[in-house]
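Note that these values count all heavy atoms, side chains included, but never hydrogens, waters or copies made by symmetry. Computed from a predicted model, the values in this text were never measured in an experiment. Numbering of residues begins at 1 and proceeds along the displayed sequence.
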Amino acid sequence: MGNYVSASEVKSFSRVTYQDLEFDSDADYDAFLNDLIDQVEKAIENYCRVPSGFFKPGGLSFTEIHDWNEDGEIHTRYYPILTLTKVELDQAGYNQSSDWTEISSDYYYVKSEYGIIKIIGKTPGHVENSVRIIYTAGYSSVPDDIKIAALIYASNVLHSILQRQFSVTPSDINLKINLIIREVFSQELRRMLSSYRRRF
């Protein structure tokens, strides 16, 4: 499904050319940038505590089991919720075989933006691991903040390579890039991504 940003977008944003980094061709530079973008996006996802591809259009599907709270409020691990497929309660008592029963939307409402489901008028047969939720979370398109953060991040890496004036062709390039990726993850980027960090 592609990346959050493209090699051409990184080139345009950073204004770093293949000649600047002494690549033999623009095609070689594109291949390098695609690898760099993968690493940058993985670093962003790790910081935001989301699975790979979470910010791609359409989101990802999840199935979660939660304990029951007296107030009937359940917090999904990931949000915003794009689609809530099913809410089930385990009606079995303690030490009994599971009896998962789907409840209709008449008995809950959803705060999609925050991943909160409030169940009203129904309760499970016990407390622990008694609510099962199947849903899709994420975004209909890549959020602008995520795109901009990825562009800034990749651009910072490229400019750091230029400043250090090392070749991007040796066998130890991945080690060098990994070190730079950690070093250039600035406070500016952390602030930009802070609202996308998800609860454990």
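- Nearest heavy-atom pair across Leu60 and Pro51 is CD1-CB, 3.9 Å.
- Distance check: Thr76 OG1 to Ile117 CD1 gives 6.0 Å after rounding to the nearest 0.5 Å.
- Hydrophobic clustering, with ILVMFWY side chains joined whenever heavy atoms are under 4.5 angstrom apart, keeps Val87 apart from Tyr79.
- For the 3.5 Å distance criterion, the side chains of Asn3 and Asp38 qualify, holding a donor opposite an acceptor.
- Within 6.0 Å of the CG atom in Asp24, the count of heavy atoms belonging to other residues, nucleotides or ligands does not exceed 12.
- Considering every non-hydrogen atom in both Ser155 and Phe13, the closest pair reads CB-CD2, 3.7 Å.
- Using a 4.5 Å cut-off between side-chain heavy atoms of Ile, Leu, Val, Met, Phe, Trp and Tyr, with links allowed through other members, Val50 and Leu82 fall into different hydrophobic clusters.
- Pro57 and Val142 make their closest contact through CD-CG2, 3.8 Å (heavy atoms, listed as atom of the first residue, atom of the second, distance).
- Residues in residues 111-123 take part in no side-chain hydrogen bond (donor to acceptor under 3.5 Å, both in side chains) pair, two or more places apart or across chains.
- With values rounded to the nearest 0.5 angstrom, Lys86 atom NZ is found 12.0 Å from Ile103 atom CD1.
- For Leu33 against Ala7, the heavy-atom pair with the smallest separation is CD1-O, 3.8 Å.
- Pairs passing the side-chain hydrogen bond (donor to acceptor under 3.5 Å, both in side chains) check and including a residue from residues 25-35, sequence neighbours excluded, read Lys11-Asp26, Lys11-Asp30, Ser25-Asp28.
- Ile65 belongs to a hydrophobic cluster whose other members, connected by ILVMFWY side-chain contacts under 4.5 Å either directly or through intermediates, are Trp100.
- The CG atom of Leu189 sits 11.0 Å away from atom CD1 of Ile148, with the distance rounded to the nearest 0.5 Å.
- Between the side chain of Asp90 and the backbone N or O of Asp99 there is at least one donor-acceptor pair closer than 3.5 Å.
- Listed for the Tyr153 side chain is a donor-acceptor partner under 3.5 Å among the backbone atoms of Ile181.
- Between Ile116 and Val110, the closest side-chain pair of non-hydrogen atoms is not below 4.5 Å.
- Using a 4.5 Å cut-off between side-chain heavy atoms of Ile, Leu, Val, Met, Phe, Trp and Tyr, Ile120 falls into a hydrophobic cluster with Tyr109.
- The shortest side-chain heavy-atom distance between Phe32 and Leu158 falls under the 4.5 Å cut-off.
- More than 12 heavy-atom neighbours from other residues, nucleotides or ligands sit within 6.0 angstrom of CG on Asn46.
- Within the 3.5 Å criterion, the main-chain N or O of Asn129 finds no donor-acceptor partner in the side chain of His66.
- Residues Val157 and Leu36 meet the side-chain proximity criterion, which asks for heavy atoms closer than 4.5 Å.
- Taken from CZ in Arg15 to OG1 in Thr17, the straight-line distance is 12.0 Å, to the nearest 0.5 Å.
- The cationic atom of Arg77 (NZ for Lys, CZ for Arg) does not lie both less than 6.0 Å from the six-membered ring centre of Phe62 and within 45° of the ring axis.
- Residues Ala92 and Ser97 share a closest heavy-atom pair of CB-O, 2.9 Å.
- Considering every non-hydrogen atom in both Gly59 and Thr136, the closest pair reads C-CG2, 4.2 Å.
- Side-chain N/O atoms of Glu73 and His75 include a donor and acceptor closer than 3.5 Å.
- Atom CG of Asp145 is separated from atom NZ of Lys147 by 12.0 Å, given to the nearest 0.5 angstrom.
- Between the side chain of Ser194 and the backbone N or O of Arg191, at least one donor-acceptor pair lies under 3.5 Å.
- Looking only at distances, no side-chain donor or acceptor of Tyr78 sits under 3.5 Å from a matching main-chain atom of Tyr135.
- For the pair Ile133 and Thr63, the minimum side-chain heavy-atom distance is 4.5 Å or more.
- The hydrophobic cluster containing Val5 also contains Met192, counting ILVMFWY residues as joined when their side-chain heavy atoms lie under 4.5 angstrom apart, directly or transitively.
- Put simply, the side chain of Ser130 gets close to the backbone of His126: a donor and an acceptor are under 3.5 Å apart.
- Between the side chain of Thr83 and the backbone N or O of Thr85 there is no donor-acceptor pair closer than 3.5 Å.
- With values rounded to the nearest 0.5 angstrom, Thr101 atom OG1 is found 4.5 Å from Gln91 atom CD.
- Phe185 has its side chain within reach of Leu193: a pair of non-hydrogen atoms, C-beta onward, lies under 4.5 Å apart.
- Tyr4 and Glu45 share a donor-acceptor pair across their side chains, judged by distance under 3.5 Å alone.
- The only option from Ile161, Val10, Leu162 that meets the side chain to side chain contact (heavy atoms under 4.5 Å, CB included) definition with Val16 turns out to be Leu162.
- Aromatic ring pairs are classed by plane angle as parallel below 30°, tilted from 30° to 60° and perpendicular above 60°; the pair Tyr196 and Phe55 is perpendicular.
- Two different hydrophobic clusters hold Leu84 and Ile134 under the rule that ILVMFWY side chains link at heavy-atom gaps under 4.5 Å.
- When the side-chain contact (heavy atoms from CB on, under 4.5 Å) test is applied to Ser6, the partners found at least two apart in sequence or on another chain are Ser8, Glu9.
- Residues that satisfy the side-chain contact (heavy atoms from CB on, under 4.5 Å) test with Pro80, not counting sequence neighbours, are Tyr139, Arg198.
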